Amino acid sequence: MTGTSGTPDATGTGAGAAGGAIGVLVVDDDFMVARVHRAFVERVEPFRVVGVAGTGEEALAAVGELRPDLVLLDLYLPDVFGLDVIPRLRAAGHDCDVMVISAAREADAVRGAVRHGVVDYLLKPFEFEDLRVRLERYAVQRGRLLGTVVRSQADVDRVLAGAAPTAAVPVLPKGMSTETAELVERTLREADGTLSASECAALTGVSRVSARRYLEYFHTVGTADVSLRYGVAGRPERRYRFRGAVTGLALPPAARP
């Protein structure tokens with residue numbers, strides 16, 4: 001691959017990388033950022049970068065030439081808005097998946113990404129682990145879809161559950177991290193009954209004030225119930241209980257990793 005022309009790697013095959021790997025096209029107009037994204041992707045098995053593009057037009061041409069399985073798509077491209085690339089890919093008959101990687105935090109961009117069926121949405125800047133988790137989850141979902149044999153409605157339901165779009169934009173309030181939210185959520189979900197903020201803090205290792213803030217956030221977004229326990233004196237203790245079936249992260253869709 002040279003520059004941002006979309007030219008394939010020495011290992012590229014024109015339809016993803018060889019050996020059952022998942023071929024990735026990186027689309028970003030900043031060549032240094034694209035280089036970092038490529039290095040991150042290459043650290044995650046079974047992904048292989050087959051090309052890089054710096055504009056929307058280059059991305060369209062590169063998809064036609066390289067046939068990647070997954071496109072990592074920036075939205076702020078110099079010629080077109082990134083989301084406008086997706087319908088053009090579909091109109092050209094390309095069925096590659098798209099994962100948005102962008103600094104775009106506007107609600108309209110997120111909603112548009114969901115409508116276009118992106119498999120994930122990751123905000124810049126991010127760490128390697130943030131991308132690794134998303135790539136590995138995508139690989140599992142892709143494998144499930146490719147290997148599914150539909151014999152009943154249950155099979156269809158499992159496919160749809162595994163392939164549901166997860167436009168994962170961290171929309172947690174300022175000062176809150178996805179990692180801590182996941183830790184508190186998991187602790188609450190696995191608790192036998194209800195938890196107070198103090199009990200949650202002891203189990204997670206975060207401060208009581210932080211535990212209370214995350215628990216209140218889960219209550220606000222509807223993924224935790226709150227009850228009051230009255231003692232002999234003083235203010236009643238707020239107790240939190242995970243709401244819903246144990247199906248994974250209780251974070252709202254726009255905050256899942």
Side-chain angles (χ1 to χ4, degrees), residues 40 44 99-107 109-111 113-114 117-144 157-229 235-257:
F40 281 177
V44 184
M99 180 183 299
V100 169
I101 296 183
S102 177
R105 300 170 182 267
E106 298 84 1
V110 178
R111 287 193 292 266
V114 172
V118 302
V119 298
D120 219 319
Y121 193 122
L122 178 59
L123 278 180
K124 298 177 180 176
F126 58 88
E127 301 295 331
F128 166 68
E129 284 300 310
D130 298 320
L131 180 60
R132 180 189 64 80
V133 169
R134 287 161 173 80
L135 289 176
E136 291 180 346
R137 180 172 61 204
Y138 166 76
V140 170
Q141 293 175 347
R142 182 173 183 272
R144 181 185 297 119
D157 293 341
R158 279 192 293 270
V159 170
L160 293 178
T166 55
V169 183
V171 291
L172 294 168
K174 186 175 181 180
M176 297 176 69
S177 73
T178 301
E179 292 76 13
T180 303
E182 291 174 358
L183 175 62
V184 172
E185 184 271 335
R186 183 169 59 252
T187 301
L188 182 64
R189 176 159 45 91
E190 295 174 352
D192 184 14
T194 62
L195 284 180
S196 67
S198 296
E199 291 167 345
C200 183
L203 291 169
T204 59
V206 304
S207 69
R208 186 190 65 80
V209 172
S210 292
R212 170 73 178 269
R213 187 181 181 200
Y214 283 91
L215 290 168
E216 284 294 322
Y217 169 75
F218 287 130
H219 173 54
T220 299
V221 299
T223 53
D225 292 320
V226 174
S227 59
L228 300 179
R229 176 180 293 177
R235 297 173 59 184
E237 180 183 57
R238 292 177 69 82
R239 309 283 302 181
Y240 303 85
R241 181 190 298 272
F242 174 72
R243 174 188 293 179
V246 181
T247 56
L249 290 176
L251 293 170
R256 292 177 185 168

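All values reported here derive from a predicted model rather than from experimental measurement. Sequential numbering from 1 along the given sequence is applied to the chain's residues.
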Residues pairing under salt bridge (charged side-chain N to carboxylate O under 4.0 Å, His left out) where one sits in residues 191-201, two or more places apart or in two chains, turn out to be E199-R239
With sequence neighbours left out, the residues meeting side chain to side chain contact (heavy atoms under 4.5 Å, CB included) with V140 are R144
field: Salt bridge D225-R243, side-chain N to carboxylate O under 4.0 Å
entry: yes
Sorted by chain and number, sequence neighbours left out, side chain to side chain contact (heavy atoms under 4.5 Å, CB included) with R213 holds for P173, M176
Side chain to side chain donor-acceptor pair (under 3.5 Å) filter on S207, not counting sequence neighbours, yields S210
So do E190 and F242 actually touch side chain to side chain, heavy atoms under 4.5 Å?
-> no
Nearest heavy-atom contact between G193 and R241 is CA-NH1, 3.8 Å
Between Y214 and T180, does a side-chain contact (heavy atoms from CB on, under 4.5 Å) hold up when you go through it step by step? CA-CA 8 Å; Y214 283 91; T180 303; 3.5 Å; yes
Taking every heavy atom of R208 against every heavy atom of S198, the minimum-distance pair comes out as CD-OG, 3.1 Å
The side chain to side chain donor-acceptor pair (under 3.5 Å) partners of T187 (sequence neighbours excluded) come to none
_Stepwise side-chain contact (heavy atoms from CB on, under 4.5 Å) test for V184 and F218_ = CA-CA 9 Å; V184 172; F218 287 130; 3.9 Å; yes
A104 and Y121 have their tightest heavy-atom pair at O-OH, 2.6 Å
request  = Decide yes or no on side-chain contact (heavy atoms from CB on, under 4.5 Å) for I101 and L131, but give the supporting numbers first.
outcome  = CA-CA 9 Å; I101 296 183; L131 180 60; 4.0 Å; yes
Item checked: Heavy-atom check, side chain of L188 versus side chain of Y240, under 4.5 Å -> yes
All heavy atoms of F40 vs all of F128, minimum pair found to be O-CE1, 3.4 Å
Residue set satisfying side chain to side chain donor-acceptor pair (under 3.5 Å) with R132, at least two apart, ordered chain then number -> E129, E136
| said: Is any side-chain heavy atom of L122 closer than 4.5 Å to one of R134? | reply: yes
CG of L215 to CZ of R238, rounded to nearest 0.5 Å, is 10.0 Å
- Item | Any T178 side-chain heavy atom under 4.5 Å of D130 side chain | no
Residues passing the salt bridge (Lys or Arg N to Asp or Glu O under 4.0 Å) test with R212, sequence neighbours excluded, are E216
With sequence neighbours left out, the residues meeting side chain to side chain donor-acceptor pair (under 3.5 Å) with E106 are Y76
On a heavy-atom basis, the closest approach of A211 and A201 is CB-N, 3.9 Å
